[in-house]
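First listed ligand is number 1; within each ligand, the first listed atom is number 1.
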Amino acid sequence: MTKPRYIVSLFIILSSIFILSSFCYADGGQKTGNTCVNCHSKLSNSSFVGVQSHAWKGSIHQKHGITCDKCHGGNPAATDKKEAHIGVLSSSNPQSRVYYKNIPSTCGRCHGAEFYKFTQSYHFKKLEATGRGPNCVTCHGSMVTSVLNPDDIAKVCARCHNKRIGVFPYVPQKAKAVLLLLRESKALINADKRLYNPAKGSANASYLQGAQSSLYSAKLEWHRFDLDSIVRHLEQMDNFLRKLSRDISHP
Ligand code: HEC
Ligand code: HEC
Ligand code: HEC
Ligand code: HEC
Ligand code: HEC
């Protein structure tokens, strides 16, 4: 008689832990007592600030506990609005961490590899000199943080790369094709990983590892806008995956 009761109470404990942890997970900031998140989550959807604040919810940054203050500054322990906002500046203020010229270094504190590649690009110099040109949020959004789809990326590039302005007018279509290729490559490698699931230390494991790091390099190269070199890395990845299938059919 006691055994089933143990099981039932164990089940209750487990499920309450699950509910509790998913509650904290979904609530990001509340768990850490972050006052920015607490107060901003109550702001009305009808205000600009409210809409921007709610856009962060559900983002990959929320899931990893990257709260408002990490990008905007301020004091996330202060409950008083004025006190919390010390150091928080509007994105139109050149001193702000989220002023468009400062965005790359703000994101770069955590995404150093992408930032480093970006600083090597022509666009970065242009951004520094004139303030014009794409920065991180052009392609990733400010708080939603995803990557533009291939059609939209072509539109972004076409703002400057077009026949009228005459600076490399082929860029938008090429960027679109390269992004499509990148996405297909990612799907391919994920499918192969599921299919082969190789043992540690096997030849297949090292091919998959090689393919994985080529894909990573391709993603990084994107931040230098060197489309040809992205394609080269993806070809490299493809070569690794081809070896993988050969190895399976002729062990
Ligand atoms: C007690 C409520 C409260 C707290 C705490 C709070 N905010 Fe705000 N915040 C607001 C309100 C309300 C606004 C709308 C403008 C205003 O009234 O100042 C705002 C505006 C903003 C803006 C827009 C500023 C602009 O000039 O466009 C940013 C960015 C911001 N808050 C970030 C933060 C960050 C980061 C924190 C934590 C360090 C924080 N807020 C803490 C209520 C709060
Ligand atoms: C990953 C960095 C990041 C995080 C985290 C983040 N923001 Fe932002 N936020 C930005 C950037 C960058 C902009 C500038 C807008 C642009 O250029 O698109 C911005 C703009 C805003 C604005 C519009 C006002 C302005 O100054 O332009 C508000 C309001 C705002 N954020 C509030 C918040 C709140 C509230 C949180 C937390 C719930 C938050 N943000 C989390 C990066 C971030
Ligand atoms: C305080 C650290 C921090 C800051 C600042 C920050 N991020 Fe992140 N970001 C993270 C973490 C942690 C993750 C989730 C884990 C990962 O993928 O690295 C993440 C994830 C991402 C992803 C998704 C990566 C993926 O694998 O899907 C993108 C894109 C991204 N951030 C862009 C930005 C941009 C753009 C900014 C500036 C507006 C920014 N981040 C600012 C820490 C940060
Ligand atoms: C021209 C568009 C563009 C710009 C500008 C851009 N990125 Fe990216 N970013 C991409 C693409 C495309 C990917 C790869 C997306 C994928 O994996 O599907 C990516 C991937 C990422 C990732 C995830 C890498 C991973 O391992 O999955 C992070 C983090 C990131 N970018 C941060 C940044 C930061 C920080 C900046 C500014 C310094 C920036 N990006 C500027 C297009 C851009
Ligand atoms: C705000 C304007 C602007 C936008 C938006 C823009 N570019 Fe550029 N881009 C330029 C300028 C200006 C040049 C340099 C032309 C020159 O060398 O005279 C350039 C050069 C380039 C080059 C050649 C760089 C080299 O190293 O030779 C590539 C590739 C490129 N851009 C890709 C892109 C992609 C991809 C996008 C879209 C995500 C994009 N650009 C969006 C202004 C822009």
Taking the side chain from [X] and the backbone from [Y], do they hold a donor-acceptor pair closer than 3.5 Å?
X: H54; Y: L43; value: yes
X: S96; Y: L89; value: yes
X: T130; Y: L127; value: no
X: R159; Y: P134; value: no
X: N204; Y: A199; value: no
X: T106; Y: R97; value: yes
X: Q62; Y: G58; value: yes

On a heavy-atom basis, I'd like to know which of Y116, F225, W222 is closest to atom 11 (C) of ligand 4.
W222
Which is closest to atom 32 (C) of ligand 4 in terms of heavy atoms, E114, E221, R109?
E114
Hey, are R242 and D238 close enough for a salt bridge, meaning a charged N less than 4.0 Å from a carboxylate O?
yes
Could you check [atom] against the protein and tell me its nearest heavy-atom contact, residue, atom and distance included?
atom: atom 3 (C) of ligand 2; value: C71 SG, 2.8 Å
atom: atom 15 (C) of ligand 2; value: S142 OG, 3.5 Å
atom: atom 27 (O) of ligand 4; value: K219 NZ, 3.1 Å
atom: atom 28 (C) of ligand 2; value: Q52 CB, 3.6 Å
atom: atom 6 (C) of ligand 2; value: M143 CG, 3.3 Å
atom: atom 35 (C) of ligand 1; value: G73 O, 3.4 Å
atom: atom 24 (C) of ligand 1; value: S90 CA, 4.7 Å

Quick one: angle H140 NE2 - atom 8 (Fe) of ligand 4 - H223 NE2, to the nearest 10°?
180°
What atoms in ligand 2 come closer than 4.0 Å to a heavy atom of [X]?
X: H61; answer: 1 (C)
X: T67; answer: 5 (C)
X: I66; answer: 5 (C)

Quick check on contacts: which atoms of ligand 4 are under 4.0 angstrom from a heavy atom of [X]?
X: L179; value: 12 (C)
X: C107; value: 35 (C)
X: K186; value: 16 (C), 17 (O), 18 (O)
X: C136; value: 34 (C), 35 (C), 36 (C), 37 (C), 38 (C), 39 (C), 41 (C)
X: H111; value: 29 (C), 35 (C)

Show the nearest heavy-atom pair for residues L215 and S185, with the distance to one decimal.
CD1-CB, 4.4 Å
Tightest non-hydrogen contact, residues A113 and Y216, listed as CB-OH, 3.9 Å
Can you confirm whether the side chains of Y99 and Q95 place a donor and an acceptor under 3.5 Å from each other?
no
Name of the H72 atom (N/O/S only) found closest to atom 8 (Fe) of ligand 2
NE2
May I ask whether T79 places a heavy atom under 4.0 Å from ligand 1?
yes
Which is it for F48 and ligand 2 at heavy atoms under 4.0 Å: side chain, backbone, both or neither?
side chain
Salt bridge (Lys or Arg N to Asp or Glu O under 4.0 Å) assessment of R224 paired with E221
CA-CA 5 Å; R224 209 159 54 88; E221 249 357 275; 2.8 Å; yes
Quick check on the hydrophobic clustering: are W222 and F115 connected, directly or via other members, by side-chain heavy-atom contacts under 4.5 Å?
no
May I ask whether N135 places a heavy atom under 4.0 Å from ligand 4?
yes
Is T138 near ligand 4, meaning one of its heavy atoms is under 4.0 Å from it?
no
Relative to the heavy atoms of N75, which atoms of ligand 1 are at a distance of less than 4.0 Å?
38 (C)
Any N/O pair S91/ligand 2 closer than 3.5 Å:
yes
What are the protein N, O or S atoms, given as residue plus atom name, that sit under 2.8 Å from atom 8 (Fe) of ligand 1?
H40 NE2, H85 NE2
Hey, what do you get for [atom1] ([X]) to [atom2] ([Y]), rounding to the nearest 0.5 Å?
X: K81; Y: T35; atom1: NZ; atom2: OG1; value: 13.0 Å
X: N75; Y: E83; atom1: CG; atom2: CD; value: 6.5 Å
X: I103; Y: S91; atom1: CD1; atom2: OG; value: 7.5 Å

Got a protein heavy atom sitting under 4.0 Å from atom 1 (C) of ligand 1?
yes
